Structures are given as C-alpha cells and as structure tokens.
Amino acid sequence: LSFQDTTFGIYALTHWDADSNGCLTPSEAALVTALPDNAFSGNTALQTISDMNKFPNLTSIGRNAFAGCTNLVTANLPNVQTVGDNAFANCTNLVSVSLPNASSISENAFEGCTNLTNFIGPQTQNTCTGGALKCSDDNSQALICMNNAWMLKEPCPKGCNHGICISDTPAPACTKG
C-alpha cells in the first residue's frame, strides 16, 4: 500500500507491518481495528488523513490520537465508528472532517479546533441526542446535533460556559453535514 501523507505511511509501516518486510499489504491493513491513544499526538508534520479507506476494519480512534496536530487540515475517516476523548483537540488548522459512519463521538473530540468549518457526520447516530459536542474556547463555533443531524454553528448558542454548550437551541447560521 502507498500513502498520500508520508507521516501516516511511516506510522502504518512501523506499527502494522506484521511480517516486518517494509511493505504493508491489504491483508495486514485489514487486521487494524483501532488507532491507539496518543498515536499522533503533537505530530506537527501530519497534514491530511486521507488513507483510512485502506483500513476497512479501523473503526475506533483513541483518546488524544491526533491532539495537537496543528498542521492537520483534513481528516477523512470513512469507517470510523468511535472517536475518543480529545481525539482532535487543538488541531488548530483542521478545516474539514468526514465521519459518515460514526456512532459515538466524544464531547471533547474537537475542542480547540478553531478553524473547523466543514463537518460531515452520519445522518443518524446513537449518541446524537441534541446539544453541542463542544464549543471552541472563544465560543466562536460549536459542533452540535439537532434533529439527528450534525451541524457546525457559529457562534455558539447562548448558554455556553467555559467552552461547553449547555443549550441545544439551533441558530440560523448552521450548515447541515
């Protein structure tokens, strides 16, 4: 397998090349079910996550997996179902996230992602019950769930306190994902 982002490719080879031959095969990739806690935490070289489709059984992103990846711009995670606490916290350049099959997203998963403007989530999901997942620290935006659809809202709805929204009232500036 080849990888668009060499940082991700190096990680994949280092951790998932089962026979240690320097080549990750589709059968080896199929064995991967989870990205562990802190996998890329603080890695400023990572810019895009676009190769996850090569890991058809990778359904879980661990806590802090991409936290502090300040140069990460896009994350396409087609098979991921569970996103851990602070998984993308403080990815300050993260603009676009695609999680079409997510069934559980930690409420702090996108804390500090101040440039997140495009979020594609599932149309319905188990943990989508209304209310914000997280407001940015400056209350400029919130990832919220209303009527079983994910929306990015700017600014946060009234009722935000210390970055956590406690209101599920939608506002006119929402975009449906």
Side-chain angles (χ1 to χ4, degrees), residues 1-122 132-143 150 152 154 163 175 177:
L1 297 173
S2 60
F3 297 94
Q4 181 177 345
D5 190 293
T6 55
T7 302
F8 187 83
I10 291 168
Y11 182 91
L13 280 173
T14 304
H15 293 86
W16 299 322
D17 180 13
D19 58 12
S20 301
N21 68 354
C23 182
L24 191 68
T25 65
S27 59
E28 289 172 318
L31 298 174
V32 179
T33 60
L35 191 63
D37 295 351
N38 304 304
F40 289 93
S41 185
N43 187 321
T44 58
L46 188 63
Q47 296 179 355
T48 183
I49 305 166
S50 59
D51 294 309
M52 293 299 238
N53 60 329
K54 296 174 182 174
F55 300 90
N57 298 315
L58 197 154
T59 59
S60 178
I61 302 293
R63 291 183 310 226
N64 301 305
F66 298 102
C69 292
T70 55
N71 288 314
L72 182 61
V73 177
T74 61
N76 182 15
L77 307 161
N79 301 316
V80 170
Q81 297 171 6
T82 304
V83 180
D85 292 339
N86 298 306
F88 292 90
N90 300 311
C91 292
T92 54
N93 285 309
L94 186 61
V95 173
S96 178
V97 173
S98 177
L99 285 162
N101 290 304
S103 59
S104 177
I105 301 174
S106 163
E107 74 176 56
N108 295 319
F110 299 97
E111 179 178 8
C113 295
T114 54
N115 287 305
L116 184 60
T117 56
N118 183 29
F119 182 86
I120 299 170
L133 288 178
K134 187 66 179 176
C135 274
S136 58
D137 289 336
D138 63 359
N139 288 339
S140 66
Q141 63 179 336
L143 188 60
W150 294 108
L152 189 68
E154 298 175 11
T175 56

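In this chain, numbering begins with 1 at the start of the sequence shown. Quantities reported herein were computed from a predicted structural model and do not represent experimental measurements.
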- Task: Verify side-chain contact (heavy atoms from CB on, under 4.5 Å) between M52 and V32, making sure each step is shown before the conclusion.
- Result: CA-CA 10 Å; M52 293 299 238; V32 179; over 6 Å; no
Output a table of donor-acceptor pairs, distance under 3.5 Å, between side-chain atoms of residues 72-81 and any protein atom two or more places apart or on a different chain; print 'none' if there are none.
{"residue": "T74", "atom": "OG1", "partner": "T48", "partner atom": "OG1", "Å": "2.7"}

- How far apart are the C-alpha atoms of L99 and V97, what are their side-chain angles, what is the distance that settles it, and do they pass the side-chain contact (heavy atoms from CB on, under 4.5 Å) test? CA-CA 7 Å; L99 285 162; V97 173; 3.8 Å; yes
- Query: Looking at side-chain heavy atoms only, is the closest gap between N86 and F110 below 4.5 Å?
  - Reply: no
- Find the distance between SG (C91) and CG (N71) and round it off to the nearest 0.5 Å. 10.0 Å
- Message: Taking F88's backbone N and O only, do any of them form a donor-acceptor pair with E111's side chain (distance below 3.5 Å, no angle check)?
- Response: no
- Note on the structure: Rounded to the nearest 0.5 Å, the CG atom of N21 sits from the CG atom of L13 at a distance of 9.0 Å
- Task: Report the relative orientation of the aromatic rings in Y11 and W16; use parallel for angles under 30°, tilted for 30 to 60°, perpendicular for over 60°.
- Result: perpendicular
- Item | Interatomic distance, D17 atom CG to T14 atom OG1 [nearest 0.5 angstrom] | 9.0 Å
- According to the interplanar angle, ranging from 0 to 90°, do the rings of F66 and F40 count as parallel (below 30°), tilted (30 to 60°) or perpendicular (above 60°)? parallel
- Message: Quick test of your reading: applying side-chain hydrogen bond (donor to acceptor under 3.5 Å, both in side chains), list the pairs with at least one residue in residues 51-66, sequence neighbours left out, ordered by first then second residue.
- Response: D37-R63, D51-K54
- Item | Rounded distance (nearest 0.5 Å) linking atom OG1 of T33 with atom CG of L58 | 7.0 Å
- Message: Tell me if a side-chain donor or acceptor on D5 pairs with a main-chain N or O of Q47 at a distance below 3.5 Å.
- Response: yes
- Item | Separation between SG of C69 and CG of L94, rounded to the nearest 0.5 Å | 9.5 Å
- Task: Output yes when a side-chain donor or acceptor of T25 lies under 3.5 Å from a complementary backbone atom of E28, and no otherwise.
- Result: yes
- Roughly how far, to the nearest 0.5 Å, is CG of N90 from OG1 of T92? 7.5 Å
- List for me each residue that meets side chain to side chain donor-acceptor pair (under 3.5 Å) alongside T44, sequence neighbours excluded, and say none if there are none. none
- Message: Using only atom types and a distance under 3.5 Å, with no angle test, would you say the side chain of N43 pairs donor to acceptor with the backbone of L46?
- Response: yes
- Task: Could you tell me which non-hydrogen atom of A29 sits nearest to which non-hydrogen atom of L1, and how far apart they are?
- Result: CB-CD1, 3.7 Å
